[in-house]
Amino acid sequence: MNIDKFTITSYDQVTGFDRANGSLDMILDELSDFTLSHEEEKADITGRGGRIISSLKKNKKVTGKGTNGMLSGGALAAMLGAEIEDGKHMVRYTDTFTVTSDQGTTTETAAGTAGNEIGTIYIRDTNNAYISGGKKLVQTGTAPKTGEFSYDPATKEVTFFAGDVADGTEVITFYNTEVEGKKISNDANNYSKTLQLFIDVTCQDGCDNLFHGQFIIDRADFNGTFDLAGGSEPATLGFEFTSMPNLCTGKSDLWDFVLFD
């Protein structure tokens, strides 16, 4: 490799590790852009006639900023100061089903107080409106009267009062249900993390030889200000961090850059 003449052709991935126990916290391997910015302040020292005779340099600063083409749970947790919880969690489920012979079946098992697991079922009016003109039926823990329905969580069966809902009518309801999944909580009292970062790049010299490079940042302080945007384009994840010296080791390096085959 000839590092007198080389270029970084791509930023391949950013991996972040917990500084206390060394465990992997995040991987960003769909980088659509990345910039490692360097700053320092310089104050001119002037002499007779105002001429510059020297300068005082201070406040060196390195920041990293980029966009990952896909969301990363680990990176979100790093920017929120959160942990990823694996297990059972409650979500609000939107469910539609068709009524037949005064009965219907929910897709998931509604969870809640006995006799009030679902709470309300909505029936569309002739304009297909649920809210502005639709009919609302409320849950009861006993045999339903007109305007009511009952629910059996064991079978997921909904029973309406005879004749309240015509056969073939599609109804909608919203209820809590327990799901198996992963949860990230944005706690107002927790702030973004400081991780050890490794930034892998691909390099090429003037003779078209390809080789690898890695920026090593011992203390990358992540910024907790970011947007989660979506719409016509898929959501991407913008991230930013500031490199800080590792005071625990006495080193003042803001990064090391290792080049290798």
Side-chain angles (χ1 to χ4, degrees), residues 68-192 224-238:
N68 201 58
M70 302 185 76
L71 300 182
S72 160
L76 283 173
M79 293 188 286
L80 296 172
E83 301 299 329
I84 301 175
E85 300 176 41
D86 196 359
K88 295 183 181 298
H89 309 288
M90 285 292 180
V91 298
R92 178 59 58 90
Y93 190 81
T94 300
D95 200 359
T96 58
F97 57 89
T98 302
V99 177
T100 303
S101 300
D102 301 317
Q103 290 186 325
T105 305
T106 59
T107 304
E108 304 294 335
T109 300
T113 306
N116 193 36
E117 295 90 349
I118 294 177
T120 306
I121 287 178
Y122 303 85
I123 304 173
R124 290 183 292 195
D125 65 7
T126 55
N127 296 314
N128 286 329
Y130 284 116
I131 298 173
S132 58
K135 181 179 179 181
K136 299 178 183 179
L137 305 178
V138 296
Q139 186 176 349
T140 179
T142 60
K145 301 188 293 292
T146 184
E148 297 178 340
F149 67 91
S150 62
Y151 179 65
D152 183 357
T155 61
K156 301 190 288 188
E157 189 174 89
V158 178
T159 301
F160 299 93
F161 181 74
D164 255 8
V165 185
D167 279 3
T169 301
E170 184 183 74
V171 299
I172 189 169
T173 186
F174 308 86
Y175 52 80
N176 292 335
T177 188
E178 190 175 61
V179 297
E180 187 80 28
K182 301 178 186 296
K183 182 176 75 171
I184 301 172
S185 297
N186 187 1
D187 190 328
N189 294 314
N190 291 342
Y191 299 91
S192 52
T225 301
F226 62 97
D227 296 320
L228 290 176
S232 59
E233 298 295 330
T236 59
L237 183 63

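Scope of the values below: all heavy atoms of this structure, side chains included, with no hydrogens, waters or symmetry mates.
From Ser150, atom OG reaches atom CG of Leu137 across 11.5 Å, with rounding to the nearest 0.5 Å. Between the CD atom of Glu170 and the OG1 atom of Thr96 there is a distance of 4.5 Å, given to the nearest 0.5 Å.
Proximity of a side-chain donor or acceptor of Thr140 to a complementary backbone N or O of Thr142 within less than 3.5 Å is detected. The backbone N or O of Ala75 lies less than 3.5 Å from a partner atom in the side chain of Ser72, making a donor-acceptor pair.
A search for salt bridge (Lys or Arg N to Asp or Glu O under 4.0 Å) contacts involving Glu148 returns Lys145, not counting sequence neighbours. In terms of the side-chain contact (heavy atoms from CB on, under 4.5 Å) criterion, Asp227 has no residue partners (sequence neighbours excluded). Residues passing the side-chain contact (heavy atoms from CB on, under 4.5 Å) test with Ile184 are Leu76, Leu80, Ala82, Ile84, sequence neighbours excluded. With sequence neighbours excluded, the residues that form a side-chain contact (heavy atoms from CB on, under 4.5 Å) with Ser101 are Asp167.
The local environment of CD in Glu83 is sparse, with at most 12 non-hydrogen atoms from other residues, nucleotides or ligands closer than 6.0 Å. Shown here is Met70, whose CE atom has no more than 12 heavy atoms of other residues, nucleotides or ligands within 6.0 Å.
Residues Thr106 and Tyr151 are in side-chain contact: their nearest non-hydrogen atoms beyond the backbone lie under 4.5 Å apart. A 4.5 Å side-chain heavy-atom check between Val165 and Lys135 finds every atom pair outside the cut-off.
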Which atom pairs, donor and acceptor, lie under 3.5 Å between side-chain atoms of residues 172-183 and protein residues at least two apart or in another chain?
| unit_1 | atom_1 | unit_2 | atom_2 | d |
| --- | --- | --- | --- | --- |
| Thr173 | OG1 | Thr120 | O | 2.8 |
| Tyr175 | OH | Asp95 | OD2 | 2.7 |
| Tyr175 | OH | Glu108 | N | 3.1 |
| Tyr175 | OH | Glu108 | O | 3.4 |
| Asn176 | OD1 | Arg92 | NE | 2.8 |
| Asn176 | OD1 | Arg92 | NH2 | 3.3 |
| Thr177 | OG1 | Thr109 | O | 2.8 |
| Glu180 | OE1 | Lys88 | NZ | 3.2 |
| Lys182 | NZ | Asp86 | OD2 | 3.2 |

Acceptor/donor pairs from residues 153-163 side chains to any protein atom, 3.5 angstrom cut, sequence neighbours excluded:
| unit_1 | atom_1 | unit_2 | atom_2 | d |
| --- | --- | --- | --- | --- |
| Thr155 | OG1 | Asp152 | OD2 | 3.4 |
| Thr155 | OG1 | Glu157 | N | 3.4 |
| Lys156 | NZ | Thr107 | O | 3.0 |
| Glu157 | OE1 | Gln103 | NE2 | 3.1 |

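In this structure, Ala111 and Met90 approach most closely via the heavy-atom pair CB-CE, 3.7 Å. The nearest pair of heavy atoms linking Gly238 to Phe226 is O-CB, 3.9 Å. Across Gly147 and Asp164, no two heavy atoms sit closer than the pair N-OD2, 2.5 Å.
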